[in-house]
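Okay, so here's the structure we're looking at.
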Amino acid sequence: MGSLRPVPALLAMVCGVFACAPSTGATLPSPITSPAHSPSDVGAPGIGDPGFPLDGNGGYDVAHYHLKLGYDPATDHLTGVATVQAEATQRLSRFNFDLAGLKVDRIAVNGAAARFARDGDELTVIPGEPLRRGDSFTATVSYSGRPAPIKDSGNLGTYGFIPTPDGAFVVCEPNGAKTWFPANDHPADKARFDFEVTVPAGLTVLANGEMTGTPRTSGGKTTYSWREQHPMATYLATITLGRFELRQGRTRAGVANLAAADPKFRSSLDGVYTLSAEITDHWSTVFGPYPFGSTGGVIDDFPTGYALENQTKPMYGGFAPETGVIAHELAHQWFGNSLSIRRWKDLWLNEGFATYAEWLWGEHKGKASAESVFKTYYGRPATDPMWSYPPGNAQSKDLFNQSIYIRGAMTLHALRRRVGDETFFRLLKEWTSAHEYGNVTTDQFVALAEKLSARRLGPLFDAWLFQPRRPAEW
Ligand code: ARG
Ligand code: ZN
């Protein structure tokens, strides 16, 4: 059957037929803040994160994304077929993906043509027959166009699919996966990924996980296949591509290690390779076994000004990372990637832990102790903006505020002082093993800390995470 074109006039027609949403604006009939269950049979356009009301979607749970993509840096043109396997968590007469820009050519659900409509970054899919709660289904979305990154005027900067002169730098936190594939674009819905990406011969594609098979070249094009076998948040997915120098091998402990550098950063390739190996192995003794199939690091020449902990492949945007940054991004493989937040307000569970890992690395190397770093920050005047921003409640408008990082890390140090080193480090390992590959909340961390220490820690966490002032004691 013919699919609806993504134009408002026909959107109105969908609504006529299905007695559903208004055709314009970001409103759809079910409450956008409802979690995965909507009272009706319409999947909510958001997964239920109050700070990010339209991110992710309700009503289904993705198990796997297969992304078959082609990209040509000469024209910036992307073609894609995304095959999404999911389970309906409610009856669904329609459901949404997040997708920004790009043109949708066709959608099939369980092999049958489905209708669809676009409204902002919401792609609504109307299967021929409603899905029943508990049904597994496959949605196949064929699309193409010129992907564009998100340029946030606030503190998020440029993120998503970022074209570069020789390829693309793909770094998507917090919600830029939708710039290159139809996604349930929220860390609360993790899934496994397969990537099959075709590019002009001579370019390298660096996606998550490990390569499956050797790249195949024919007709001047090369196809790379990658698989991330462990669940992954959509913002950690990448297909960074371009001209790269590579170094591959294993860490001493035997984890596959891949470093890549844009030719401009050739001289930093060995450093990234060696440090990533050493740090991965060290964190495996501190945080628990390395959760993924490989480690590494990628330096591209686009100046994002930040790094991103893409699963198995941290990426550094336009700079050769110092050891501390590598220690930070690799700590995220446990804190953020294996254990992912359910709501963005809990971002300190990623950034506070990764920042504390930087302090631990310095301590491990006989540089400044975590205690002395803590004291330096504690010495900031009471008027410092960090003290008025409670890190336990990250704000969507200011998601990566330095309080999330620094005061988040200070929270962990205050905890360590209170419970002692033995309990603290046991807690870190217990935390990563109890929730490996899952989703977590601050409440769960507090509960585990109280259980392992047999202490009431509510006041400590409240002062450090939730009060808009400098904690009086620690
Ligand atoms: N999680 C990254 C880090 O390790 C920061 C990502 C910033 N993202 C952005 N869009 N500015 O610090
Ligand atoms: Zn970080």
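All ligand and atom numbering here is 1-based and tracks the order in the structure. Numbers for residues simply follow the sequence, beginning at 1.
- Closest heavy-atom approach to atom 2 (C) of ligand 1 among the candidates Pro314, Ala307, Gly157: Ala307.
- For ligand 1, the polar-atom distance check finds no N/O of Tyr159 at less than 3.5 Å from any of the ligand's N/O atoms.
- Here the Zn ion (ligand 2) is the vertex; the NE2 atom in His328 and the NE2 atom in His332 give an angle of 100° (to 10°).
- The single protein non-hydrogen atom nearest to atom 5 (C) of ligand 1 is Tyr405 OH, 3.4 Å, given as residue, atom name and distance.
- A salt bridge links Asp270 to Arg247: at least one charged side-chain nitrogen sits closer than 4.0 Å to a carboxylate oxygen.
- A salt bridge links Glu371 with Lys375; the closest basic N to acidic carboxylate O contact falls under 4.0 Å.
- Shortest contact from atom 1 (N) of ligand 1 to any protein heavy atom: Glu173 OE1, 2.6 Å.
- Ring geometry for Tyr316 versus Phe319: interplanar angle over 60°, hence perpendicular rather than tilted (30 to 60°).
- Of all N, O or S atoms in Glu351, the one lying closest to the Zn ion (ligand 2) is OE1.
- In summary, the atoms of ligand 1 found under 4.0 Å from a heavy atom of Glu309, numbered by their order in the structure, are 1 (N), 2 (C), 3 (C), 4 (O).
- Geometrically, Arg470 engages Tyr378 in a cation-pi contact, judged by NZ or CZ lying under 6.0 Å from the ring centre and within 45° of the ring axis.
- Where the criterion is an N or O separation shorter than 3.5 Å, residue side chain and backbone included, Glu351 meets it with respect to ligand 1.
- Between Glu363 and Arg416 there is a salt bridge, since at least one side-chain N of the basic residue sits less than 4.0 Å from a carboxylate O of the acidic one.
- Listed by number with element, the atoms of ligand 1 under 4.0 Å from a non-hydrogen atom of His328 are 3 (C), 4 (O), 12 (O).
- Where the criterion is an N or O separation shorter than 3.5 Å, residue side chain and backbone included, Leu156 meets it with respect to ligand 1.
- By the 30° and 60° cut-offs, the orientation of the rings of Phe52 relative to Trp344 is tilted.
- Across Asp185, Asp121, Asp98, a single residue satisfies salt bridge (charged side-chain N to carboxylate O under 4.0 Å, His left out) together with Lys178, and that is Asp121.
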